[in-house]
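Here's the structure we're looking at; comments come further down.
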Protein chains: 2
Amino acid sequence: MSIQKIARLAGVSVATVSRVLNNIDTVKAGNRQRVLDAIKASNYQPNLLARQLRTARSGMLLVMVSNISNPFCADVVQGIEAEAEKNGYRILLCNSGSDIVRSQSSLQLLSGKMVDGVISMDALSTLPELQNLIGDAPWVQCAEYDDASAVSTVGINDIEASRFIIDYLLQQGRQRIAMINHDLSYKYANLREKGYRERLAERGNDYCQIRYAAKLNYDSGKSETEHLLRSAEWPDAIFAVSDTLAAGALSAIAAAGLKVPEDIAVVGFDGTELGFITTPQLTTIEQPTTEIGKQAVTLLLRKINDPGSKPEQSILDWRFIQRASA
Amino acid sequence: MSIQKIARLAGVSVATVSRVLNNIDTVKAGNRQRVLDAIKASNYQPNLLARQLRTARSGMLLVMVSNISNPFCADVVQGIEAEAEKNGYRILLCNSGSDIVRSQSSLQLLSGKMVDGVISMDALSTLPELQNLIGDAPWVQCAEYDDASAVSTVGINDIEASRFIIDYLLQQGRQRIAMINHDLSYKYANLREKGYRERLAERGNDYCQIRYAAKLNYDSGKSETEHLLRSAEWPDAIFAVSDTLAAGALSAIAAAGLKVPEDIAVVGFDGTELGFITTPQLTTIEQPTTEIGKQAVTLLLRKINDPGSKPEQSILDWRFIQRASA
DNA sequence: CTGAAAGCGCTTACAG
DNA sequence: CTGAAAGCGCTTACAG
């Protein structure tokens with residue numbers, strides 16, 4: 001079923017059908033009605049491929065996340081969706097699983113003109129293989145950074161947040177603060193680790209133990225904590241870079257027969273709903289999650305509408321939330 | 001940058017460039033190399049819109065979920081992705097938020113030929129507005145059913161699982177079993193409620209209280225439980241149709257100063273990781289989550305490759321998991 | 001082994 | 001207010 005057949009059915013030209021489809025009001029009422037009738041009668045649906053090929057505009061934004069199971073990601077996506085919708089854009093979500101082949105395949109949607117721009121929450125900038133797929137297409141990094149700053153980014157000041165946590169834990173009298181970090185290919189992981197190391201050094205504390213979680217989930221948090229508990233010198237506090245990891249840490253600690261926060265304090269990161277579900281509830285850094293998503297869309301649309309505009313860096317505020325775990 | 005320009009650069013016809021792009025091996029080595037060089041030199045990326053318009057095949061599957069924040073959905077999606085990837089397909093995820101306008105917009109990807117088929121985890125079949133968008137395009141309902149059975153479905157036997165839970169709770173001596181269900185526009189919600197009602201009636205138990213959660217999340221579970229606790233006759237057991245709701249129930253019960261399972265037993269549904277995170281850990285029904293996703297893809301591809309084939313209903317096994325909450 | 005040409009289904013100046 | 005025609009960027013018989 002094509003515009004051709006509708007035109008034939010309605011006894012008008014394809015141009016007129018197209019005008020009706022696009023709500024161009026120069027069409028005479030009678031003709032409009034006949035087209036509308038023909039469309040209804042034949043259950044015609046316009047071919048988006050043809051339309052977008054012609055107009056070179058898709059109205060779709062690609063969102064690449066490494067892992068939708070992480071509630072933080074899901075919350076950011078919600079912000080993205082809300083703002084995109086408000087501006088007449090639709091979201092396509094791709095779960096990269098941090099897999100380069102899958103990321104590559106997703107980005108073909110961009111280079112292949114199926115989407116108008118991309119918001120990524122993954123460590124793409126470290127992957128030169130992907131650069132030529134992105135080219136200078138509209139792109140913003142969300143809750144992650146790009147060193148070259150050739151791309152717009154939105155996030156929080158990770159170093160400061162990290163330093164704040166260390167200060168807080170030291171103030172509570174903790175002596176041996178361990179960190180459960182994410183893969184260092186993520187820039188935010190570097191920054192949070194920097195804050196951790198710097199602040200401990202400044203305070204003359206030389207206990208420093210860092211584990212790197214393969215994934216930001218409960219299981220990784222649990223097994224990395226088990227590692228920490230097997231080490232010679234136990235930590236008396238754990239700073240996990242995501243609430244999901246922190247939830248895993250709590251489990252491991254409980255399974256070892258230890259108490260939180262008495263024996264070991266645990267601090268999470270993100271401020272997701274998980275912080276209410278765990279026992280004890282999580283002390284954590286709250287990110288302005290949906291706001292990050294909204295801001296990302298704003299920056300992306302600015303770039304789409306004015307391709308010549310300069311990349312922008314947007315830094316939003318975080319908030320420390322004290323609950324029972326530390 | 002188009003195939004035309006590459007052809008000009010390489011001094012061959014567009015047909016030859018196309019052949020190189022599609023790995024058709026009739027191209028003479030010299031020409032192939034010149035095309036490859038031209039592609040590299042100009043960082044050419046094929047336009048997917050044009051290709052797919054021409055071939056009428058996209059290699060993409062649309063997955064519609066009502067809420068990616070639900071870990072059950074995320075797990076099913078993982079199964080879908082794995083199986084799709086194995087068959088050379090790529091996934092596009094759309095988060096409908098149970099919003100009809102958004103669902104409609106997503107389904108245009110199907111009617112607009114941008115994807116080859118759709119797997120939905122949402123209650124679409126109850127929405128006649130969407131039927132004409134789907135038409136007879138390849139479609140499978142995942143963890144949800146269609147009465148007309150004009151569509152393939154994959155899921156578990158919800159009635160049986162529900163009856164099992166009731167039996168278990170009665171056996172434990174529970175007298176007043178309440179249910180926190182989801183919106184009845186979901187067929188699975190109907191089935192589980194049917195199991196609940198039927199079994200209670202069969203056992204001569206006439207306490208029956210049902211709350212309907214607006215969303216399958218922690219917050220809804222919590223507030224519906226608060227409602228239950230305000231009612232005249234408190235339940236001594238709560239059957240929640242998802243682990244997320246059950247997690248909310250646990251919070252509300254703890255906040256009311258009551259103990260689980262001593263005062264109130266709680267049973268969840270799905271068998272997600274959340275069941276390990278809550279305190280106490282959740283007694284729940286485990287669904288074969290990733291398997292459901294894989295099976296959905298299998299059925300969908302069968303339909304795509306043989307459009308004339310009949311819809312199939314696939315019923316997988318569930319498992320009762322006893323943990324501390326009931 | 002290769003190229004000219006048709007065509008996928010749209011939109012959009014342009015002319016009337 | 002409307003239609004004929006060009007063209008978006010590909011693929012694919014067809015002829016050579």
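Quick note on labels: first sequence line is chain A, next is B, and so on, each numbered from 1. Values below: all heavy atoms of this structure, side chains included; hydrogens, waters and symmetry mates excluded. Computed from a prediction, not measured in an experiment: that's the story for all the values here.
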Subject >> NZ or CZ of B:R57 within 45° of B:Y89 ring axis and under 6.0 Å >> reply: yes

For [X] and [N], what is the distance between atoms [atom1] and [atom2] respectively, to the nearest whole Å?
X	N	atom1	atom2	value
A:Q52	C:dG9	CD	C1'	12 Å
A:I3	C:dC8	CD1	C1'	13 Å
B:L53	D:dC8	CG	P	14 Å
A:L48	D:dC8	CG	C1'	15 Å
A:M1	C:dG9	CE	C1'	13 Å
B:M114	C:dC10	CE	C1'	13 Å
B:N47	C:dC8	CG	P	18 Å
B:I6	D:dG9	CD1	C1'	12 Å

By nearest atom, which of the nucleotides [options] is closest to the [X] side chain?
X	options	value
B:R51	D:dA5, D:dG9, D:dC10	D:dC10
B:R54	C:dA5, C:dC10, D:dC10	D:dC10
A:S2	D:dC10, D:dG3, C:dC10	C:dC10
A:V14	C:dT11, D:dG3, C:dG9	C:dT11

**OP:** Verify, without hydrogens or angle tests, whether A:S96 (side chain) and A:V65 (backbone) share a donor-acceptor contact under 3.5 angstrom.
**Re:** yes

**OP:** Check for a donor-acceptor pair, side chain of A:N67 on one end and backbone N or O of A:S69 on the other, with a separation under 3.5 Å.
**Re:** yes

In terms of side-chain heavy atoms, does [X] have a donor or acceptor partner in [Y] at a distance below 3.5 Å?
X	Y	answer
A:S58	A:Q52	no
B:Q78	B:T290	no
B:S120	B:D122	no
B:S309	B:R302	no
A:S98	A:Y186	yes

Original post:
In terms of side-chain geometry, is the basic nitrogen of B:E83 or B:K86 positioned less than 4.0 Å from the acidic oxygen of its partner?
Top reply: yes

Original post:
Counting only non-hydrogen atoms, which of residues 17-34 of chain B are less than 4.0 Å from DNA chain D?
Top reply: B:S18, B:R19, B:N22

Original post:
Taking only side-chain nitrogens and oxygens of B:T16, does any of them come within less than 4.0 Å of OP1 or OP2 of C:dG3?
Top reply: yes

**OP:** Taking Watson-Crick and G-U wobble pairs with both distances under 3.5 Å, convert DNA chain C into its dot-bracket string, 5' to 3', dots for unpaired and | for cross-strand pairs.
**Re:** |||.||||||||.|||

Original post:
Given that B:S13 and B:A50 both sit by DNA chain C, which one's nearest nucleotide is further toward the 5' end?
Top reply: B:S13

